[in-house]
J.: 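Quick one: the structure is below, questions incoming.
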Protein chains: 2
Amino acid sequence: MGRARIFDVAAAAGVSVTTVSLVLNNAQSRISEDTRQRVREAADAVGYSASAVARGLRTQRTRIVGLISDQIATTPFAGRMLAGAQDAARENAHMVMLVDTGGDAEVEAEAVRAMTAQQVDAVLYAAMWHRAATAPAGLPAGTVMLDCYPAAGGFRSVVPDDRAGGEAAVRELIAAGHTRIAYLDTSDPEPIASRLRHEGYLAALAEAGIDVDPALHVRGETSAQGGREAADRLLDLPEAQRPTGIFCFNDRMAIGVYTAAHRRGLDIPRDLSVVGYDDQQLVAAELDPPLTTIALPHYEMGRWAMEVALGVRAEGDEDAPHRMECPVIRRDSVGPPPAQVAKRDRRRASHTTEGPRSAAPDQVTDVGVGHQE
Amino acid sequence: MGRARIFDVAAAAGVSVTTVSLVLNNAQSRISEDTRQRVREAADAVGYSASAVARGLRTQRTRIVGLISDQIATTPFAGRMLAGAQDAARENAHMVMLVDTGGDAEVEAEAVRAMTAQQVDAVLYAAMWHRAATAPAGLPAGTVMLDCYPAAGGFRSVVPDDRAGGEAAVRELIAAGHTRIAYLDTSDPEPIASRLRHEGYLAALAEAGIDVDPALHVRGETSAQGGREAADRLLDLPEAQRPTGIFCFNDRMAIGVYTAAHRRGLDIPRDLSVVGYDDQQLVAAELDPPLTTIALPHYEMGRWAMEVALGVRAEGDEDAPHRMECPVIRRDSVGPPPAQVAKRDRRRASHTTEGPRSAAPDQVTDVGVGHQE
DNA sequence: TTGAAAGCGCTAACAC
DNA sequence: GTGTTAGCGCTTTCAA
């Protein structure tokens, strides 16, 4: 039993294929309501659904958009970009064809060729984490880059606003009363995110009138292990210099901070506050206490990119990436600094454990309950 | 500048389109080597790549395989299934078209229609976690199900061998000398995985001649929180009954076990051994100590499913799911039980902390270093 | 060893 | 209001 073709529907309804095509595509109705009815019934009766292949050949529009990614689709990290792109595609009656290159340049070139051969209507080029990317040759004009931006320009792109995110993270700590705030950075040289978040860190400190202490900017490998080692260096600082709040490059490193703190018998957030970055699923919320962190707007970026690629959204500029807000996710890892002599005292108080437990701008943090069972 | 068509290549090479088609498709060469050469050069010169759409219409084979999933593509969990499927597709010159339904039945039905309209050559139906699935109506014959099996039969499928995985996990504990081994199960009623792993648990105990203590089978919500609560119940048991090893339904719950242990000042693995399940990326390995766990063969299942769907692999049976091995990933959360009077003593010894630290069958576990810095 | 030509299933210009 | 028909770009039979 082969699939029904448009001719079969026409025959069943006693009309021409033109008529069938017209009513099924909702063309401006020159067709009588009566005929439309008959056609639709006939189509249902034979279980007709138009061949996208034939239609694509005829119209030269496939309603397929290609998504080339380095790793996002196969890695447990940025999958929600795919969800956003997928949803936007579906809402606009498009399908997504996926190629995950694993970062291999040859596979990537092959993917571009394949997408071209498939005559996709648009392509998205996505990275797993925010970076500058050299777009592979042959990417169609109109391609939009996702979570990365074209090193050489020429494409629209969307990235997280890491600078504002870093600033928000540090403000969170400042609002809780901290003044000795460390930035536990990645040692990976590449990430633009590292630099931007650092800028945000500095900006937040400056805004609050807090002097920056270079000793409070440490680096480590991007892992729990690396986070622990860097945290140890921070916690080994003389008491008057030791940070009471740590802003971590990401949640994985924050895990290490938790470990380092626990090994010293330090309670979070009573003795040490920490803010992560990424809001990594199945990690940040599962820590004890749940980690206050900055979320990456993966879903929103995916949706944005798809909508722009489809021309549904008239934004995007080839000369500057679109930056999307990274919201702060307040959980229980931030509290006021422990009651102790602060290095300086020019900030508004709340330096006692009894003080208001949180000065978060617009939401009361559900402060951790420490060791109580 | 429109794309080149086969006619352009033919003209450039001074041959017919037939010839071009023949040489570019490597048909059994009736074409002279000389002509072939000329054609290839012409094709390169004009940057020709055949339209997959036109070819698909003509041959009625699109070289596209559809992948319908409930969540895997957009969730940070089973993405490696996609990687396996993707790789197998690429190796066989196919593209994958993805629809993530988010579990919505309507979207799913729409996805099936869309795949049909696209005339995909095959479809994979994937679930995020091992379960029985009612295949949506209209799935083409030959569809293969991934990480789920058809509740009503009729499709080939591949799932993890959770029974053997559970058995392996418990054996790991037994081999280290434990006899009081708990199964910290999920309270979610659905998962077949829960049941199968429990069977494996019982089988391993039986094999070792260890009586099962019903008090050692506890359930909790599938989260760190749920794991912690269930672990507390276990650790509140009278000392003689209290487990020295806990096999957890998954890594998330194992996180909770770590928390519960730490709050009591128990060291892992010195005072308590734990084995997880899932080998969840960015979680299991980041715990302190790194978690010994059972991995889900996501990549392999994805690859298997794609190869079977493509007919490259002549396996698969519609009446029984293909089960794939879940390998044990040895890390540092399993050690010998603490030196104390065991409830019974009929098992081979190594009941002292000084004894051989690991009796793992084929690999020496890198035992954790406890509190030492 | 090569070429002419017939479609694959659809849409849309153009007739009626 | 409705139908005829010419392609979209390719593969493949058949003839030369």
Side-chain angles (χ1 to χ4, degrees), chain A residues 1-40 42-43 46-64 93 113-114 116-121, chain B residues 1-40 42-43 46-64 93 113-114 116-121:
Chain A
M1 184 206 88
R3 46 181 287 149
R5 292 141 303 163
I6 195 171
F7 178 82
D8 303 317
V9 180
V15 297
S16 72
V17 295
T18 303
T19 301
V20 175
S21 175
L22 256 19
V23 350
L24 262 25
N25 289 312
N26 290 312
Q28 66 287 32
S29 61
R30 63 180 211 189
I31 310 289
S32 72
E33 188 49 51
D34 181 54
T35 308
R36 306 172 79 80
Q37 191 64 32
R38 251 185 316 135
V39 168
R40 276 197 266 264
V46 301
Y48 175 72
S49 106
S51 159
V53 182
R55 173 183 290 156
L57 178 59
R58 176 60 233 238
T59 62
Q60 294 298 96
R61 298 200 52 227
T62 51
R63 297 194 149 293
I64 298 176
R113 273 195 297 276
T116 306
Q118 294 291 343
Q119 299 185 244
V120 296
D121 291 345
Chain B
M1 183 208 88
R3 45 182 288 148
R5 291 142 304 162
I6 195 172
F7 178 83
D8 302 319
V9 179
V15 298
S16 72
V17 294
T18 303
T19 300
V20 174
S21 175
L22 256 21
V23 351
L24 261 24
N25 289 312
N26 289 312
Q28 67 286 32
S29 61
R30 63 181 211 187
I31 310 290
S32 71
E33 187 49 50
D34 181 54
T35 307
R36 306 173 77 80
Q37 191 64 33
R38 253 185 314 136
V39 168
R40 275 197 266 264
V46 300
Y48 176 72
S49 106
S51 160
V53 182
R55 172 184 292 156
L57 179 58
R58 174 60 231 243
T59 61
Q60 294 299 96
R61 299 200 51 227
T62 52
R63 296 194 150 292
I64 299 176
R113 273 194 298 276
T116 306
Q118 294 291 342
Q119 300 184 242
V120 296
D121 291 345

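As a basis for the values below, the full set of heavy atoms in this structure was taken, side chains included, without hydrogen atoms, waters or symmetry mates. Proteins get letters first, then strands, A, B, ... in listed order; numbering begins at 1 in each.
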J.: Starting at atom CD1 of Ile6(A), determine the distance to atom P of dC8(C), rounded to an integer number of angstrom.
T.: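 After rounding, the reported distance stands at 14 Å.
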
J.: Look at all strands and tell whether Val53(B) reaches a base, only sugar-phosphate, or nothing, counting heavy atoms closer than 4.0 Å.
T.: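 No contact.
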
J.: Between Val23(A) and Arg36(A), what is the shortest heavy-atom contact and its length?
T.: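 Closest pair (atom of Val23(A), atom of Arg36(A), distance): CG2-O, 4.1 Å.
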
J.: Does Ala13(A) offer a backbone N or O that forms a donor-acceptor pair with the side chain of Arg38(A) under 3.5 Å?
T.: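 It does hold such a pair.
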
J.: OP1, OP2 of dG3(C) versus side-chain N and O of Thr18(B): anything below 4.0 Å?
T.: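 For Thr18(B), the contact criterion (side-chain N or O under 4.0 Å from OP1 or OP2 of dG3(C)) is not met.
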
J.: Which atoms form the tightest heavy-atom contact between Phe7(B) and Val17(B), and what is the distance?
T.: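 Smallest heavy-atom distance, with atoms named: CA-CG1, 3.8 Å.
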
J.: What is the distance, rounded to the nearest whole Å, between atom CD of Gln60(A) and atom C1' of dC8(D)?
T.: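 Distance check: Gln60(A) CD to dC8(D) C1' gives 6 Å.
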
J.: Please report the distance, rounded to the nearest Å, between CG in Asp34(A) and P in dG1(D).
T.: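 It is 11 Å, rounded to the nearest whole Å.
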
J.: Of Gly14(B) and Thr59(A), whose closest DNA chain C nucleotide lies nearer the 5' terminus?
T.: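 Looking at the nearest nucleotide for each, Gly14(B) comes out on the 5' side.
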
J.: Between Arg3(B) (side chain only) and Ser49(B) (backbone N and O only), is there a donor and an acceptor less than 3.5 Å apart?
T.: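 A pair under 3.5 Å: yes.
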
J.: Taking atom C1' of dG1(D) as reference, at what distance in whole Å does atom CZ of Arg38(A) sit?
T.: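 Distance check: Arg38(A) CZ to dG1(D) C1' gives 12 Å.
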
J.: Please give me the minimum heavy-atom distance between Ala42(B) and Val9(B), naming the atom from each residue.
T.: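 The pair with the smallest heavy-atom distance is CB-O, 3.8 Å.
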
J.: Counting only side-chain heavy atoms from C-beta out, which of dC10(C), dG9(D), dC10(D) sits nearest to Arg58(A)?
T.: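 Of dC10(C), dG9(D), dC10(D), dC10(C) is nearest to the side chain of Arg58(A).
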
J.: In whole angstrom, what separates Asn25(B)'s CG from dG9(D)'s P?
T.: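 Those two atoms, CG and P, are 17 Å apart.
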
J.: According to a strict under-4.0 Å criterion, is Ser51(A) in side-chain N/O contact with OP1 or OP2 of dG9(C)?
T.: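 Checking dG9(C) against Ser51(A), no side-chain N or O comes under 4.0 Å of OP1 or OP2.
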
J.: Round to a whole Å and report the spacing from CZ of Arg55(A) to C1' of dG7(D).
T.: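 Answer to the nearest Å: 17 Å.
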
J.: Would you kindly give the CZ-to-P distance between Arg61(B) and dC10(D), to the nearest whole Å?
T.: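 These atoms are roughly 18 Å apart.
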
J.: Both Leu22(B) and Leu57(B) contact DNA chain D. Taking the nearest nucleotide for each, which residue is further toward the 5' end?
T.: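 Looking at the nearest nucleotide for each, Leu57(B) comes out on the 5' side.
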
J.: Hey, is the side chain of Thr19(B) poking within less than 4.0 Å of OP1 or OP2 on dG3(C), counting only N and O atoms?
T.: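 So the side chain of Thr19(B) is within the cut-off, an N or O lying under 4.0 Å from OP1 or OP2 of dG3(C).
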
J.: Taking atom C1' of dC10(D) as reference, at what distance in whole Å does atom CZ of Arg63(B) sit?
T.: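 Nearest whole value for this atom pair: 15 Å.
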
